[in-house]
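To start, the structure itself, in structure tokens.
Values reported hereafter were calculated over all heavy atoms of this structure, with side chains retained and with hydrogens, waters and symmetry mates removed. For ligands, and for the atoms within them, numbers begin at 1 and follow the listed sequence.
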Amino acid sequence: MVLSATELTNLPQLLPPRGMELVACGSCLPQSVVSNALLSSRVDTNDDWIRDRTGIGSRRIASEADSLTSLASDAAQAALDLAGWRAEDLDLILLATSSPDDLFGTAPRIQAVLGADRAVAFDLTAACSGFLFALITAAQFIRGGSMDKVLVIGADLLSRWVDWDDRRTCVLFGDGAGAVALQACPAEQDGLVAFRMRSDGQRNSCLTLARSGARLPLVGDLSREVGGFGTIAMNGQEVYKFAVREVPLVLADLLEQAGLGAEQLDWLLLHQANQRILDAVADRFAVPRERVLTNLAAYGNTSAATIPLMLDEAVRDGRIRPGHLIASSGFGAGLSWGGALLRWSGPPP
Ligand code: COA
């Protein structure tokens, strides 16, 4: 069939509108557990201080045998298994990470491990907002009609980039990986009910992992920069104020977009950075504590992995069920933040 110029222009309107549904998830954590007590043997801190200020009790730290590729691939395989998909069916693997195994991109390595030969695979970097940004990005490919089956992975090994002698930051972070499987569906079943993404580079210095910048002579008068990065630097109080201000605003915006009230939410699934931030946001919307998902005590802040890790835990233990409405928000370095109202579909029966 040959389409006329007018038909081609109107093609998006001619195609049936599509949505994306969230059908499966998976996660993977390193085995090694570092409790607050154990960490206190390295830096001047203690269990009471860390629990009071953050809600964190322990974190998982990657061992020599782990890599971003291995943890992310295991999380992705678990999502594929739950969905009942073959890796060859995938159109896209989108990896949100700030701690890649390869700065040129780690997603293609995961593609190779899974055997997803038909998929295109690439990385997306937006720190702790990365998973939500990747999910929203993937949804555009699906809604636009160019892709049907996608894996979105959030994975980070921030233990690589933490200054383990800086007690103000090292107590916060841990390693982990989570993944979700998304597929095309009719528009009326769209699982991405509303979304918003924001960034503010003016406040970039609040939370950075900057290049280290050492220079070596090259030729003649020229020198060149040696590749490398420093460690995580954070103004904790500014980041805290940013989160408790912006996350409620973005969630209020989403609820307004969707014409819903907070009482209609089944779950609040926020980036797991600090229990006090989760509590402040929940109080702002009067969401009861039993509907606020948290696993901070066990894993700390795993950056791009926190949301899919928490989602996977709550799906597998039966708390999140098909049809549930989830308000999610990611926030962190950039500064960047965003939110999504998600409807969980679950795996096909
Ligand atoms: N153990 C014991 N004492 C500590 C400590 C630790 N791990 N870290 C800091 N302190 C001390 C400080 O030195 C300071 O002591 P001083 O008053 O004698 O100088 C005191 O505790 C208070 O420090 P402060 O930095 O003001 O604490 P805070 O109440 O702001 O809590 C954070 C610090 C990091 C927990 C809090 O700011 C926070 O959670 N911010 C958001 C961080 C975040 O979520 N980042 C990731 C975003 S994706």
Within this structure, what is the CZ-CH2 distance for the pair R319 and W344, rounded to the nearest 0.5 Å?
13.5 Å

Run through T231, D175, D101 and flag the one making a side chain to side chain donor-acceptor pair (under 3.5 Å) with R160.
D101

Between the side chain of T54 and the main-chain N/O of I50, is any donor-acceptor distance below 3.5 Å?
yes

Provide, line by line, the atom pairs where ligand 1 and the protein bring an N/O atom each to a distance under 3.5 Å; else say none.
{"unit_1": "ligand 1", "atom_1": "1 (N)", "unit_2": "T45", "atom_2": "OG1", "d": "2.7"}
{"unit_1": "ligand 1", "atom_1": "3 (N)", "unit_2": "W49", "atom_2": "NE1", "d": "3.4"}
{"unit_1": "ligand 1", "atom_1": "3 (N)", "unit_2": "R167", "atom_2": "NH1", "d": "3.4"}
{"unit_1": "ligand 1", "atom_1": "7 (N)", "unit_2": "T45", "atom_2": "OG1", "d": "3.0"}
{"unit_1": "ligand 1", "atom_1": "7 (N)", "unit_2": "R167", "atom_2": "O", "d": "2.9"}
{"unit_1": "ligand 1", "atom_1": "13 (O)", "unit_2": "R167", "atom_2": "NH2", "d": "2.8"}
{"unit_1": "ligand 1", "atom_1": "21 (O)", "unit_2": "W49", "atom_2": "NE1", "d": "3.3"}
{"unit_1": "ligand 1", "atom_1": "26 (O)", "unit_2": "Q237", "atom_2": "NE2", "d": "2.6"}
{"unit_1": "ligand 1", "atom_1": "27 (O)", "unit_2": "R53", "atom_2": "NH1", "d": "3.3"}
{"unit_1": "ligand 1", "atom_1": "29 (O)", "unit_2": "R53", "atom_2": "NH1", "d": "2.6"}
{"unit_1": "ligand 1", "atom_1": "37 (O)", "unit_2": "G236", "atom_2": "O", "d": "3.2"}
{"unit_1": "ligand 1", "atom_1": "39 (O)", "unit_2": "N274", "atom_2": "ND2", "d": "2.6"}
{"unit_1": "ligand 1", "atom_1": "40 (N)", "unit_2": "G236", "atom_2": "O", "d": "2.9"}

Using side chain to side chain contact (heavy atoms under 4.5 Å, CB included) as the criterion, list what pairs up with P248, not counting sequence neighbours.
V281, R284, F285

Classify the ring geometry between H324 and W267 as parallel (under 30°), tilted (30 to 60°) or perpendicular (over 60°).
tilted

Determine whether the side chains of D156 and T302 contain a donor N or O and an acceptor N or O closer than 3.5 Å.
no

